[in-house]
4 protein chains.
Amino acid sequence: MPPRLIAHLGHVEILTPRPEDSLRFFTDVLGLNETTREGQSVYLRGWGEWSHHSLQLTEAPRPGIGHIGWRTWSPDDLETAVQRVEARDVGRGWVDENIGHGPAFRFVSPGGHTHELFWEDEKYVAPPGEESPYPNRPQRYRPRGVAPRQLDHVTVMTKDPKGHADWFRDTLGSTFTEYTVLDEHSDVVVFAMSTFNEKSHDLGLVLDQTEVSGRLHHFAWWVDSRDELLRAADILLNADIPIEFGPGRHGMGEQDYLYVREPGGVRVEVNTGGYRLYVPDWETKRWVPSQGSNVFYRNIPMPASMLDATPPATPSAKDEVNPWAASSVH
Amino acid sequence: MPPRLIAHLGHVEILTPRPEDSLRFFTDVLGLNETTREGQSVYLRGWGEWSHHSLQLTEAPRPGIGHIGWRTWSPDDLETAVQRVEARDVGRGWVDENIGHGPAFRFVSPGGHTHELFWEDEKYVAPPGEESPYPNRPQRYRPRGVAPRQLDHVTVMTKDPKGHADWFRDTLGSTFTEYTVLDEHSDVVVFAMSTFNEKSHDLGLVLDQTEVSGRLHHFAWWVDSRDELLRAADILLNADIPIEFGPGRHGMGEQDYLYVREPGGVRVEVNTGGYRLYVPDWETKRWVPSQGSNVFYRNIPMPASMLDATPPATPSAKDEVNPWAASSVH
Amino acid sequence: MPPRLIAHLGHVEILTPRPEDSLRFFTDVLGLNETTREGQSVYLRGWGEWSHHSLQLTEAPRPGIGHIGWRTWSPDDLETAVQRVEARDVGRGWVDENIGHGPAFRFVSPGGHTHELFWEDEKYVAPPGEESPYPNRPQRYRPRGVAPRQLDHVTVMTKDPKGHADWFRDTLGSTFTEYTVLDEHSDVVVFAMSTFNEKSHDLGLVLDQTEVSGRLHHFAWWVDSRDELLRAADILLNADIPIEFGPGRHGMGEQDYLYVREPGGVRVEVNTGGYRLYVPDWETKRWVPSQGSNVFYRNIPMPASMLDATPPATPSAKDEVNPWAASSVH
Amino acid sequence: MPPRLIAHLGHVEILTPRPEDSLRFFTDVLGLNETTREGQSVYLRGWGEWSHHSLQLTEAPRPGIGHIGWRTWSPDDLETAVQRVEARDVGRGWVDENIGHGPAFRFVSPGGHTHELFWEDEKYVAPPGEESPYPNRPQRYRPRGVAPRQLDHVTVMTKDPKGHADWFRDTLGSTFTEYTVLDEHSDVVVFAMSTFNEKSHDLGLVLDQTEVSGRLHHFAWWVDSRDELLRAADILLNADIPIEFGPGRHGMGEQDYLYVREPGGVRVEVNTGGYRLYVPDWETKRWVPSQGSNVFYRNIPMPASMLDATPPATPSAKDEVNPWAASSVH
């Protein structure tokens with residue numbers, strides 16, 4: 001197992017068939033800030049983020065995930081990470097020209113998702129008047145809507161959540177923190193969590209029971225407190241955005257959550273709380289759902305809709321690579 | 001600069017001339033849990049901690065800090081860390097017999113404080129009936145008093161906070177996150193923060209303007225929310241413990257704080273909040289106090305008492321090593 | 001409509017077939033304080049309450065409600081209230097000897113519940129060492145378990161929630177704040193709320209579809225913040241008390257809630273938040289469940305168990321007065 | 001002592017010499033909503049308020065308070081209240097034409113402030129698209145800036161806070177909740193609190209040591225949680241509004257506070273928390289400052305600037321009626 005080669009989840013590219021509505025959701029309701037636009041993409045970030053963007057919102061025929069960007073700890077770690085990924089024979093090569101960051105090495109993970117590794121990073125520069133009065137913030141705090149501080153994690157669908165978490169650990173040095181099996185008599189892992197830092201996960205892995213690969217489950221934005229999460233729920237409902245699940249607390253990760261769908265169809269989580277994990281020899285925790293892995297309070301089921309991915313599986317699809325993910329790989 | 005060799009602050013040893021009163025404070029009021037006793041020490045931990053202890057409370061003639069224990073990321077990192085410390089010529093050798101953890105290598109940092117590096121760690125085992133109903137917690141949650149989840153950081157006094165932060169970065173791979181200078185026309189650094197993780201600091205460094213070395217400023221315990229911090233203030237005041245400073249928010253680290261003195265004289269912080277820092281090429285931030293480094297709200301001064309260390313300097317002391325720190329080094 | 005004759009809900013008498021277990025729940029887990037014991041009853045209160053008790057816990061063959069005590073605004077208002085109740089022909093006469101308060105006039109409300117009206121009130125006197133350091137609190141704040149500040153409201157079952165709310169308004173001057181009908185095409189009121197103060201309700205009224213009268217739905221304890229409510233949930237689950245419903249928010253009253261069953265079988269709510277209503281000509285609000293009357297977040301149903309009362313209806317019962325309520329009327 | 005004749009504080013009229021800047025503060029930063037404009041006044045309200053307005057912002061040569069509007073419980077109570085005020089010989093007669101409410105009877109309280117009593121009230125009607133999806137809210141929740149829910153209280157300067165609180169109690173039936181004397185050996189009351197409801201105060205009374213009468217200390221807006229109060233502080237500072245005092249907690253009323261000055265010079269509080277007082281025979285509580293009447297945490301003084309009123313006293317003023325208050329009485 002290598003050391004942690006990745007510093008953090010840098011950005012996600014989200015695909016939307018309704019780019020204007022999606023953009024309005026992410027800016028007016030969720031309260032992200034636009035940095036720039038280029039081609040079919042708009043680049044956005046939370047008010048507490050130091051990089052050019054953490055969300056690339058791209059017009060596409062169907063909703064889904066384009067790619068997931070991971071920033072390494074150093075140029076050397078990028079080199080090591082690329083070597084380790086190439087040794088796994090899943091590399092797709094370098095993309096040299098990128099908006100907001102330097103050369104990125106793309107690869108496809110076991111679940112069929114496109115990831116990229118990069119080191120060079122363009123810092124966000126606040127425009128005049130928007131500089132923070134505090135040196136340790138990237139911009140002035142003028143919250144709008146939910147106003148999350150930063151991107152938190154991304155959760156994808158895969159036929160083998162445990163194997164996928166093992167793969168990330170063995171290839172890039174993440175910690176495999178927790179997983180849930182179907183029930184007490186099963187070894188079928190339905191959810192697994194992988195992290196490169198103190199959070200329970202920056203990568204979540206949900207069981208995909210279809211033959212489609214490369215699908216997204218959701219991506220999540222961090223707010224500072226449970227009180228802000230409840231305020232977010234109120235804001236979302238008053239913007240006529242139904243809440244699919246929550247507000248509640250997961251046992252896994254001990255995180256407070258709520259889930260909505262943005263207008264393009266992608267599931268978006270707002271989350272907060274959770275433990276902060278510093279134990280270097282952490283033993284992966286195993287849950288059964290009755291212990292409260294999904295619902296800490298153990299009194300409601302997760303709604304069936306939460307098993308759906310983005311995009312939904314098409315009936316004819318058979319071991320198919322999600323074409324919308326693929327479409328964004330050059 | 002090496003990679004981060006340290007996983008986290010493992011424990012601190014606190015010295016008290018009033019061991020029974022101090023113990024009552026840490027258990028009944030602060031709400032820590034006792035693991036064991038041995039010799040002149042009682043070993044304690046927060047309810048969310050996986051290790052045997054995070055606080056060693058030791059009877060001594062004067063209050064102060066005994067030593068600070070850092071857990072490395074791996075056995076290899078321990079070896080590397082020891083080599084790097086020895087290359088700095090500040091090593092004091094191995095202590096083989098320890099309560100709650102394996103062999104530890106001790107060294108004295110530029111401020112005259114005794115630290116130790118260790119890898120082997122004894123996990124806390126909850127007694128029957130106290131096992132958590134959730135697999136990702138080390139024990140049942142039955143909060144008493146303030147009930148912090150875990151040890152957060154330790155802040156020591158030093159004649160050169162910036163040099164000390166540089167030293168930790170260059171020797172052990174920490175990040176030097178932020179510092180404050182005396183005023184706009186000064187290069188005198190009065191506070192500096194060093195971290196091995198996403199927190200603004202696990203080691204704080206306050207300017208010591210005396211000739212005494214090895215003194216402690218405070219150590220801090222983490223609660224989950226700003227609401228719990230305000231609740232902690234109420235509990236402390238109702239236990240007749242005056243609050244020296246706070247509740248408030250520091251600009252540096254954006255952390256909510258309160259400070260009290262435990263009966264032996266050591267300053268104890270309860271803290272929460274703060275940003276979560278994942279930027280691998282973080283540029284150290286520079287503050288002047290008028291920007292709100294100490295008081296985010298910029299409307300009250302920090303009380304003069306907060307400049308005092310533990311133990312207070314004695315008039316005759318001249319470039320003296322704090323004997324109580326020294327006394328706990330075997 | 002008379003002016004508000006009642007100052008506040010003074011106390012409730014709860015019946016339990018498991019008095020020791022119930023007492024342990026109310027003191028160790030919920031964190032109420034015992035004032036005294038007398039006969040088959042233990043008298044308890046929250047830390048922020050000025051009266052002798054707000055809960056009388058009484059041993060009885062079956063769980064349920066004994067009586068509900070309302071304190072008037074003045075001796076004159078007590079006289080007026082008694083006259084108005086007697087004019088309704090539901091008076092049951094005076095009880096002169098009471099623990100913790102003066103003479104009380106008992107009556108039976110339309111739902112078959114026993115209430116009492118009283119003015120003279122014995123104040124709680126903190127024992128030595130437990131006096132508050134603050135003049136505006138009745139005792140020192142040393143929270144244990146959930147530690148609610150005070151009794152909030154009581155909710156009973158009735159065949160006619162709307163008629164019952166009208167009755168209280170017309171007889172004693174309460175405000176009928178909100179109600180919910182079965183669905184858009186129905187006039188069947190399933191829940192109604194009545195208040196004597198700025199809260200959405202101090203008396204809740206749930207539709208009882210059986211022929212049994214005098215049953216209790218739940219009674220509720222107030223905590224100061226949504227954060228404390230989530231902390232309460234954690235404490236309850238870790239005390240092996242399942243949470244029947246919540247934590248969540250009701251649309252009605254905009255109150256955050258959670259519901260558990262104490263060991264004797266009575267449903268206990270912990271609640272917080274909600275609007276504060278000062279409008280003297282408030283128009284009663286009408287809800288349909290799809291608007292979120294029960295679940296503000298509009299995404300889960302209330303569990304079926306929440307329709308049950310305490311005690312549960314017996315199959316043979318036919319328009320029966322709840323004998324356990326009756327048994328506590330002298 | 002009469003029963004409570006007043007239902008609640010209806011509105012305050014605030015005078016500003018910088019009407020545009022003040023309006024921008026109250027709408028963009030504090031987040032109130034404009035209902036209408038008329039003459040030299042703009043009428044505003046919080047998102048949770050049912051009336052036409054709770055703030056009348058009026059252009060005037062100097063900052064201060066115009067008048068304070070109290071809504072009675074009923075038309076009969078208005079009649080009774082007017083009689084009682086006239087019996088005190090401080091009536092100033094009826095104002096028949098008002099924006100947002102019906103005829104109002106004006107009087108001047110012992111401190112020289114103009115108050116009005118009214119019953120008829122124009123309800124706020126949300127414009128199309130802004131109707132709340134919840135029946136128990138007056139408008140859709142789309143928070144902007146601090147976004148307080150409603151007006152909370154007003155605090156004025158007077159030469160005799162205790163006498164003034166007695167006057168309101170004896171004339172209109174308020175509760176005199178708490179007061180603070182200068183120190184342990186003094187009977188000089190520096191602050192007193194009067195309330196018509198469960199809050200510690202809807203009218204605060206601060207000692208005015210000058211000869212000027214009719215001055216304002218501050219007026220306050222309610223947010224739902226301590227977390228929102230801290231968020232408010234962040235928003236205000238990032239809007240370059242210095243915080244004069246707070247965030248903190250008063251011992252009196254147990255309220256969390258922060259104070260700023262709006263651009264015209266009037267002190268504005270954002271507050272939350274506090275006990276909820278239902279005791280009908282409440283004994284007025286007496287404090288000395290060392291008990292924490294101003295600062296619950298007992299560790300900082302209130303800043304000297306907090307002794308200032310609006311407008312500041314002019315050197316030549318001698319037992320002068322505040323002319324700006326007078327100017328708004330027709």
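Each chain gets a letter, A, B and so on, in the order its sequence line appears, and its residues count up from 1.
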> B:Val279 versus A:Arg71: any side-chain heavy-atom pair under 4.5 Å?
Replying inline: yes

> With only heavy atoms counted, which part of A:Phe296 is less than 4.5 Å from chain B, the side chain, the backbone, both or neither?
Replying inline: both

> Between A:Lys285 and B:Trp50, is NZ or CZ placed under 6.0 angstrom from the six-membered ring centre and within 45° of the ring axis?
Replying inline: yes

> Side chain, backbone, both or neither: which part of A:Thr177 has a heavy atom under 4.5 Å from chain B?
Replying inline: neither

> How long is the span from the OH atom in A:Tyr275 to the CG atom in B:Asp224, to the nearest 0.5 Å?
Replying inline: 13.0 Å

> Going from CG on B:Asp281 to CH2 on A:Trp119, what distance comes out if it is rounded to the nearest 0.5 angstrom?
Replying inline: 4.0 Å

> Can a donor-acceptor pair be found between the side chains of A:Asn197 and B:Glu198 at a distance below 3.5 Å?
Replying inline: no

> Just wondering, do B:Pro135 and A:Met252 contact through their side chains at under 4.5 Å, heavy atoms?
Replying inline: no

> Is it the side chain or the backbone of A:Gln291 that comes within 4.5 Å of chain B heavy atoms, both, or neither?
Replying inline: both

>> Tell me which of these, A:Trp73, A:Phe196, A:Trp282, has more heavy-atom pairs under 4.5 Å with chain B than the rest.
In response: A:Trp73

> So which heavy atom on A:Glu254 is nearest to which on B:Asn136, and how close?
Replying inline: N-ND2, 4.1 Å

> Just how far is it from atom CD of B:Glu49 to atom OH of A:Tyr278, taken to the nearest 0.5 Å?
Replying inline: 11.0 Å

> With a cut-off of under 6.0 Å to the ring centre and 45° to the axis, is B:Arg298 in cation-pi contact with A:Tyr134?
Replying inline: yes

>> Before you tell me yes or no, could you show the steps for A:Gln150 and B:Arg276 under side chain to side chain contact (heavy atoms under 4.5 Å, CB included), namely the whole-Å CA-CA distance, both residues' side-chain angles and the distance that decides it to 0.1 Å?
In response: CA-CA 9 Å; A:Gln150 59 202 36; B:Arg276 309 205 298 177; 4.1 Å; yes

>> Please classify the contact between A:Asp152 and chain B as side chain, backbone, both or neither, with a heavy-atom cut-off of under 4.5 Å.
In response: side chain

> Are the side chains of B:Pro280 and A:His8 in touch, meaning some heavy atoms are under 4.5 Å apart?
Replying inline: yes

> With only heavy atoms counted, which part of B:Thr72 is less than 4.5 Å from chain A, the side chain, the backbone, both or neither?
Replying inline: backbone

> Would you call B:Lys123-A:Glu283 a salt bridge at under 4.0 Å N-O?
Replying inline: no

